[in-house]
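Inspection log for the structure reproduced underneath, given as structure tokens.
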Amino acid sequence: MGTKYHLRFVDVITLGVASMVGLVLLAGVVPRMRQNARRSSCEMNLQQVGLALHNYHSAYSMMPMGCGGTSSGSADEPTLGNANRLSPLVGLTPFFEQQPLWEKISNPLRANGKVFPAMGPVPWFDPKVYTPWNERPEVLVCPADPTAKDFPTVASYTINYGDAVMNVGASPLEEMPPYGRTPGALRGMFGYQMVFRFRDVLDGLSNTLLMSEARIGGVRVAKNIPGLIERPAVCIDVHEDDQTKYWPEGRGACWADGSLLSVGVQTILPPNSRSATSEKGELEGVMSASSLHGEGAHVLMADGAVRFASSSIDVGDQDSPSVAEGHLDNGKTLPPGSKSPYGVWGAMGTRAARDRFDPSELSEPVRTFTEEELAEFAKLELETWHAAKGTGKIQARQVDLTDKGVLVLMSEQGAIRRLALSKFSSQDAYRAVETHRQRKLEEAKLLVEHLSTQLGLLEDKQFETFAREWVAFGDGQQGGHPSGVAMIAGMLRTQRGALITDYDQLLATLKTANPEVLEKLPEALAAGRGPFSWAFVDGHWKLVFDARMNQRGGRQPIQFMRAMEAADDPFGGR
């Protein structure tokens, strides 16, 4: 009886220690877990919207209108109809499991003492009266945007209006001048009262943008700015002028409104740039992509893939006039059919300009670098990098070289840049490869050395020293507090035998591995493949502690959580 009681008492103590360590871990791990979860949720939202667009196209053999509708309601008579201003997001509602909302919109509705026609009133109508406009689908909101609750009708995802400016936005209302239609400037996947099909995408579905992120709140949009067609970069200049006027709520409009200001984006200025509308208001302007996921934004390509576009993406000549019809600026604007002057970003926005770009310019969505990682990168040596065509050189530190052949650099000012290895001279490319290889080998050797030290401490039963010097929490934090050290040491003591066995097996594998395997081991171990994971903290490979324990039999090894992720993204801020 005494023995059974003792074993149960030990189990209770172990569980109590695990719970206390869990509380310590959560303080540092939860914020990062939330950030990663929000980023992943945002990516999944775009994937779901992309699937809805493809299903819509399968059902109707065309894309929904970028801005369309069924009737000619106006600002003076908003309840007569939707003024042909509905966004494509309205027609997508039944394709992302919003059938009840679609039924409300597509049928006449009596609400709050008023009767509304099928397909609703104008989309800027009071959403508290016409309730469907206040029922923004959750899939249209980036979970990382804290302003979503302040603007409950605005969507986080915007549609591609192309790389031109002239008359690309919402339809003119009756009280507006007759600006006319300029289809030659509608170069994106969506346009006012126009529908496009996948067969119209001559640039290729994987090369053409469907949608992009845009922050809901906190974005200032200048208004009544002349000269945007002839020089879109004037949008940047006016934001530095104290006399500039702005829309009172930025993009604050409605997910159901197809206007450029509400759900539009153009591939002219890079992500997280300024935005502005011209004297034509919502009909015309330069609207930029943006996000809260670091230096760039998630983008949805026409083939359904979600990628990440960096704020440092190639944007060509920002002083170039845009494509327009007519003879604006004495004929200096580009004629319809021209290739985009705005580099890779502009090429993504056109569907049929025969634009092509290197697919390595885009990547899978990734997280941003932590402050600790950036501080470590800043310690690396500055080197000179020469362009492949001899057109120039830069000073930067080599951060990483990905499996896709993309060199990740940090400038002297601390900016992260990702460039294909092919863009550098052959000598610099060879140096980058050798530097990367040597670093991996050195990391592997250091890993063997540090694992051997940790094994020695376990064998000598120096649990406190191990806990104090060789353990890191899941967010790169240290467990140096006396109470934390004592708790971790107690857990190491109870698991000593199993840990020693696993360390012996791992070290035996490391010491017999060939150089090619050794190069990949640090990344694999940091990714948590196997019973452990490690983080490289302050020049040491430290065990990353997880509070989760396998209680079955009491002899299973402690499981450790992932602390570092491989930098394998060739594009976008991290």
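Within a 6.0 Å sphere centred on CE of Met44, other residues, nucleotides and ligands contribute 12 heavy atoms or fewer. Environment of CZ in Arg197: crowded, with over 12 heavy atoms of neighbouring residues, nucleotides or ligands closer than 6.0 Å. Counting non-hydrogen atoms of other residues, nucleotides and ligands closer than 6.0 Å to CD of Glu138 gives a total of 12 or fewer. Remark: Glu103 CD is packed, more than 12 non-hydrogen atoms of other residues, nucleotides or ligands lying under 6.0 Å away.
In terms of modelled atom types and a separation under 3.5 Å, the side chain of Gln266 and the main chain of Gly285 share a donor-acceptor contact. Judged purely by atom type and a 3.5 angstrom limit, Ser291 uses its side chain to pair as donor or acceptor with the backbone of Gly296. For the pair Arg274 (side chain) and Leu269 (backbone), a donor-acceptor distance under 3.5 Å is absent. A side-chain donor-acceptor contact under 3.5 Å links Asn112 to the backbone of Val129. A donor-acceptor distance shorter than 3.5 angstrom exists from the side chain of Tyr342 to the backbone of Ser320, with no hydrogens or angles considered. With hydrogens and angles disregarded, a donor-acceptor distance shorter than 3.5 Å links the side chain of Gln318 to the backbone of Ile268. With Arg215 contributing its side chain and Thr147 its backbone, the two residues share no donor-acceptor pair below 3.5 Å. Glu213 places no side-chain N or O within donor-acceptor distance of the main-chain N or O of Ala289, the cut-off being under 3.5 Å. Under a 3.5 Å cut-off, the side chain of Ser262 and the backbone N or O of Ser259 do not form any donor-acceptor pair. A donor-acceptor pair is defined here as one N or O able to donate and one able to accept, closer than 3.5 Å; no such pair exists between the side chain of Thr277 and the backbone of Glu282.
Under the 3.5 Å distance criterion, with hydrogens and angles disregarded, a donor-acceptor pair is assigned to the side chains of Ser340 and Asp163. Side chains of Asn160 and Ser212: no donor on one and acceptor on the other come within 3.5 Å. Between Asn272 and Ser311, the side chains place a donor N or O and an acceptor N or O closer than 3.5 Å (distance only, hydrogens not considered). A donor-acceptor contact under 3.5 angstrom links the side chains of Thr350 and Asp203, judged on distance only.
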Next item on the list: List the steps and the verdict of salt bridge (Lys or Arg N to Asp or Glu O under 4.0 Å) for Asp257 and Arg85.
Entry: CA-CA 6 Å; Asp257 187 355; Arg85 282 277 293 264; 3.0 Å; yes
Check: Can you list the steps and then say if Arg231 with Asp319 is a salt bridge (Lys or Arg N to Asp or Glu O under 4.0 Å)?
Finding: CA-CA 5 Å; Arg231 182 175 171 265; Asp319 290 321; 2.9 Å; yes
Notebook entry, point to check: Checking side-chain contact (heavy atoms from CB on, under 4.5 Å) for the pair Leu140/Asn45: CA distance, chi angles, key distance, verdict?
Noted result: CA-CA 7 Å; Leu140 300 180; Asn45 285 350; over 6 Å; no
Notebook entry, point to check: When you look at Thr70 and Leu86, which way does the side-chain contact (heavy atoms from CB on, under 4.5 Å) test go after all the steps?
Noted result: CA-CA 9 Å; Thr70 58; Leu86 296 186; 5.9 Å; no
Next item on the list: Report the C-alpha distance between Ser278 and Glu284 in whole Å, list the side-chain angles of each, state the deciding distance to 0.1 Å, and finish with yes or no for side chain to side chain donor-acceptor pair (under 3.5 Å).
Entry: CA-CA 6 Å; Ser278 75; Glu284 191 175 88; 2.9 Å; yes
Check: Should Met287 and Arg251 be marked as a side-chain contact (heavy atoms from CB on, under 4.5 Å) after you check the CA-CA gap, both sets of side-chain angles, and the distance that decides it?
Finding: CA-CA 9 Å; Met287 296 298 296; Arg251 292 182 54 240; 3.8 Å; yes
Checklist line | side-chain contact (heavy atoms from CB on, under 4.5 Å) assessment of Leu283 paired with Leu260 | finding: CA-CA 7 Å; Leu283 175 65; Leu260 176 66; over 6 Å; no
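Using a 4.5 Å cut-off on side-chain heavy atoms (C-beta onward), Val141 and Trp255 make no contact. Counting only heavy atoms from C-beta outward, the side chains of Thr244 and His239 never approach each other to under 4.5 Å. Two residues are said to be in side-chain contact when any heavy atoms from C-beta on lie closer than 4.5 Å; Trp345 and Val299 meet this criterion. Considering only heavy atoms from C-beta on, Pro117 stays 4.5 Å or farther from Asn82 through its side chain. No side-chain heavy atom of Leu53 sits under 4.5 Å from any side-chain heavy atom of Tyr56. Taking the side chain as every heavy atom from C-beta outward, Pro143 and Cys42 approach each other to under 4.5 Å. Within the 4.5 Å cutoff, no side-chain heavy atoms of Asn84 are placed close to those of Met65. Within the 4.5 Å cutoff, side-chain heavy atoms of Leu89 are placed close to those of Met211.
Between Val234 and Pro226, the shortest heavy-atom contact is CG1-O, 4.0 Å. Contact detail for Asp150 and Pro146: the closest heavy-atom pair is OD2-O, 4.3 Å. The nearest pair of heavy atoms linking Ile313 to Val344 is CD1-CG1, 3.9 Å. When all heavy atoms are compared, the tightest approach of Gly337 to Arg187 is N-NH1, 3.8 Å. Shortest non-hydrogen contact noted between Ser87 and Val263 is CB-CG2, 4.0 Å. Nearest heavy-atom pair, Val286 versus Cys235, reported as atom, atom and distance to 0.1 Å: O-SG, 4.4 Å.
Within the model, atoms OG1 of Thr131 and CG of Leu101 stand 9.0 Å from one another, a figure rounded to the nearest 0.5 Å. To the nearest 0.5 Å, the span separating CZ on Phe196 from CE on Met189 amounts to 8.0 Å. We find the NZ-CG distance between Lys114 and Asp126 to be 10.0 Å, quoted to the nearest 0.5 Å. With values rounded to the nearest 0.5 angstrom, Arg351 atom CZ is found 12.0 Å from Leu210 atom CG. With values rounded to the nearest 0.5 angstrom, Met166 atom CE is found 13.0 Å from Leu228 atom CG. The line from CG of Leu419 to OG of Ser312 is 7.5 Å long, rounded to the nearest 0.5 Å.
For the ring-ring contact (aromatic ring centres under 6.0 Å, His included) test, residues two or more places apart in sequence or in another chain that qualify with Tyr130 are Phe116, Trp133. Shown here are the side-chain contact (heavy atoms from CB on, under 4.5 Å) partners of Ala118, two or more places apart in sequence or in another chain: Pro108. With sequence neighbours left out, the side chain to side chain donor-acceptor pair (under 3.5 Å) criterion links Thr158 to no other residue.
Between Tyr60 and Phe95, the ring-plane angle classifies as perpendicular under the 30° and 60° cut-offs.
For Tyr157 and His298, the ring centers sit 6.0 Å or farther from each other.
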